Amino acid sequence: MFTSTDLDQIAAQGTTTQTVDQQIRHFIDGFPFLHIIRAATVGDGIIRVPDEQLTRYIRQFDEQAPDLALMKFVPASGAATRMFKSLFAALDGKSDKATDAFFAQLVDFAFYDDLKAAMSHDGLDLDKAVADQDRKTVLTYLLTDKGLDYGSLPKGLLKFHNYADGPRTPVEEHLVEGAAYANSDGRVRLHFTVSPEHRSRFEALIKHELADYESWLGVEFEVTFSEQKKSTDTISVNPDNTPFRNADGTLLFRPAGHGALIENLNDIDADLVFIKNIDNVVPDELKEMTVTYKKVLATVLLDAQKQLFRLQELLDTDSVSEGYLAEADAFLQTTLCVTPPDDFSGRSQSEKLAYYRQKLDRPIRACGMVKNVGEPGGGPFWARNADGSLSLQVVESAQVDMDDPQQKTLFEQATHFNPVDLACSLKNRQGQKYNLPNFRDPLTGFITAKSKDGKDLKAQELPGLWNGAMADWNTLFVEVPLITFNPVKTVNDLLRAEHQPVGIVD
């Protein structure tokens, strides 16, 4: 199927023919559906920390933080194009209610002054253009490179929130937030995954602002960046599953979604990593609850890890007592929510010991779960694994067979969903880093329909970062308040009370 030129291109891509062949096999066979058993709920897979215990959890984390290498990991490569979908339509003369709302409250956006200055530079008055209903001119200066170019920038570089001393971007909000919980004895480490074409702008923003934030917050920041690796791009195929070729005859590889970032996460050296999306930030007066529950997630994880490491030590001897095996079984089933396969009771003691050792020797994550209010996102479920065991999984709708009435009903019973709010431990008992791709379920990818140069094609996404890419992790689900989830999916979301500094939220 592949020519010698193709083989050279595959090697230059940083991948192998075996990997590409497997991707094509996935196109042909499709991905199997995940078999969900039931929704995880509070008391059955989801931990609810009582309000009266929050102070203890916070204190416990604060006491441990100075001795831990902490890191905040922020996926930040996504372009803001979809944020401005209705405004792009308005640029083509198709205004709707969302566009009307945008112009009615234009002055309330944190980028208002920048937009006004960009137009003024060309002798135009923003307020007059709005009064004259000259929406096309305003949107041209907002969305295109004639002005702010917001239509092609990543969300992380847009002005989100207004303050007395000037507006802030999400990147800056993550600095402030990170200083509150990813702070190890005055050192705050943040890592942003960015797209290659925008990396220099991220770096310039950090270089320009960092000293001021360090002075104000009294910390020392270490900010690093990485890009999605070329080697994680997946091959595209024609509708008949033959490799899609560009006009020059070369194979087409495409970025494989956020699941590719497991490789970036794998390069991080830290004891505890917080993961949060770039657009889920709030002004300062609303940050306290976010900080509280980040520390709660971390404490729940660290408590479980302490027990896990102790059990590993007990099981790591030549002769293991029945009592230790029973303790390992109880911990796995009760704390980590891992139920053994149906035939487990009939296994020998050595087989059971091997099973316990394997299940304990994995990375750990604590995933925040907010109450389901109809937002898209992965939900918390008990699911069947390939080895017959049950465990907690973050499950996207695309992973479930919605043509199966029973599975569809089970999926719709989810009471919570994951807003990409995680605390992760990436090291084993000896302090050695796990190789995270080893804990991915390769059969949880996605196939999507795309087009290029007017031709239809099929593209493939790798198992998602917080579902399939972490499918074989030890998992804890923790309920967190809805106020900790404030994504900006459309530009008008910035008008919600949660994103307006004077907003009061119940």
Side-chain angles (χ1 to χ4, degrees), residues 1-34 75 77-79 81 152 154 193-199 225-268 385-387 396 398-401 433-472:
M1 185 182 292
F2 295 123
T3 66
S4 59
T5 305
D6 293 337
L7 298 178
D8 289 343
Q9 183 186 351
I10 290 168
Q13 190 75 26
T15 187
T16 64
T17 52
Q18 290 88 345
T19 300
V20 174
D21 284 340
Q22 184 58 63
Q23 290 167 6
I24 292 174
R25 176 53 54 190
H26 287 322
F27 281 118
I28 295 169
D29 296 340
F31 289 98
F33 291 113
L34 187 65
S77 58
T81 311
S152 61
T193 63
V194 298
S195 53
E197 64 269 27
H198 296 123
R199 180 167 181 160
F225 299 93
S226 66
E227 300 159 19
Q228 199 163 301
K229 297 183 179 180
K230 225 170 95 172
S231 60
T232 63
D233 291 357
T234 52
I235 195 167
S236 300
V237 298
N238 295 301
D240 66 357
N241 297 317
T242 57
F244 184 96
R245 294 188 181 274
N246 295 305
D248 62 1
T250 57
L251 300 169
L252 176 63
F253 288 89
R254 301 179 84 260
H258 56 68
L261 298 180
I262 198 70
E263 298 282 357
N264 302 63
L265 186 62
N266 199 40
D267 291 337
I268 298 295
N385 301 311
D387 67 355
E396 305 278 349
Q399 295 176 262
V400 178
D401 184 1
K433 286 168 56 182
Y434 285 108
N435 184 41
L436 302 184
N438 290 348
F439 299 89
R440 174 170 53 193
D441 181 353
L443 298 180
T444 53
F446 296 88
I447 294 171
T448 56
K450 303 286 182 183
S451 65
K452 187 170 191 289
D453 302 331
K455 292 191 240 172
D456 291 337
L457 62 85
K458 293 197 288 186
Q460 192 169 138
E461 290 200 10
L462 292 172
L465 181 58
W466 38 86
N467 48 347
M470 295 181 174
D472 199 25

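Small disclaimer: the values here were computed from a predicted structure and weren't measured.
Heavy atoms only, all atoms of each residue included: A398 and F446 are closest at CB-CE2, 3.0 Å. Nearest heavy-atom pair, P437 versus E263, reported as atom, atom and distance to 0.1 Å: CG-OE2, 3.7 Å. Annotation for Q228 and A256: closest pair NE2-N, 3.4 Å, computed over non-hydrogen atoms. Of all heavy-atom pairs spanning F2 and L7, the tightest one is CB-CD2, 4.0 Å. What you find for P442 and P463 is that their closest heavy atoms are CA-CG, 4.1 Å. The shortest non-hydrogen separation linking I24 to V237 is CG1-CG1, 4.3 Å.
Rounded to the nearest 0.5 Å, atoms CZ (F253) and CD (Q23) are 7.0 Å apart. We find the CD1-CG distance between I262 and L465 to be 5.0 Å, quoted to the nearest 0.5 Å. If you take NE2 on H258 and CG on L265, they are separated by 13.5 Å, rounding to the nearest 0.5 Å. Rounded to the nearest 0.5 angstrom, L457 CG and I235 CD1 are separated by 11.0 Å. Atom CG of L261 and atom OG1 of T232 lie 8.0 Å apart (nearest 0.5 Å).
Identified under the salt bridge (Lys or Arg N to Asp or Glu O under 4.0 Å) test for residues 226-241, with sequence neighbours left out: R199-E227, K229-D267. The salt bridge (Lys or Arg N to Asp or Glu O under 4.0 Å) pairs that include a residue from residues 242-257 are D6-R245, where partners are two or more places apart or lie in different chains. Residue pairs meeting the salt bridge (Lys or Arg N to Asp or Glu O under 4.0 Å) criterion with at least one partner in residues 462-471, sequence neighbours excluded, do not occur; the list is empty. Judged as a salt bridge (Lys or Arg N to Asp or Glu O under 4.0 Å), the pairs with a partner in residues 8-26 (not counting sequence neighbours) are, in order, R25-D29.
A donor and an acceptor atom, one from each side chain of T193 and N264, are nowhere located under 3.5 Å apart. For the 3.5 Å distance criterion, the side chains of N266 and K433 fail to qualify, holding no donor opposite an acceptor.
Checking side-chain atoms of Q399 against main-chain N and O of E396 turns up a donor-acceptor pair under 3.5 Å. Here the side chain of T234 pairs a donor or acceptor atom with the backbone of Q460 at under 3.5 angstrom. With hydrogens and angles ignored, the 3.5 Å screen pairs a side-chain donor or acceptor of T16 with a backbone N or O of T19. Under a 3.5 Å cut-off, the side chain of Q9 and the backbone N or O of L251 do form a donor-acceptor pair.
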Self-check item: Criterion side chain to side chain contact (heavy atoms under 4.5 Å, CB included) on K452 and N246, from CA distance to verdict
Solution: CA-CA 8 Å; K452 187 170 191 289; N246 295 305; 3.2 Å; yes

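Considering only heavy atoms from C-beta on, S231 stays 4.5 Å or farther from Q13 through its side chain. Contact annotation: the side chain of T444 never approaches that of F31 to less than 4.5 Å [non-hydrogen atoms, C-beta and beyond].
Every residue meeting the side chain to side chain contact (heavy atoms under 4.5 Å, CB included) condition with D472, not counting sequence neighbours, appears here in chain and number order: Q358, R362, F439. D441 pairs by the salt bridge (charged side-chain N to carboxylate O under 4.0 Å, His left out) definition with nothing, not counting sequence neighbours.
For the pair K455 and F244, the distance from NZ or CZ to the six-membered ring centre is under 6.0 Å and the angle to the ring normal is within 45 degrees.
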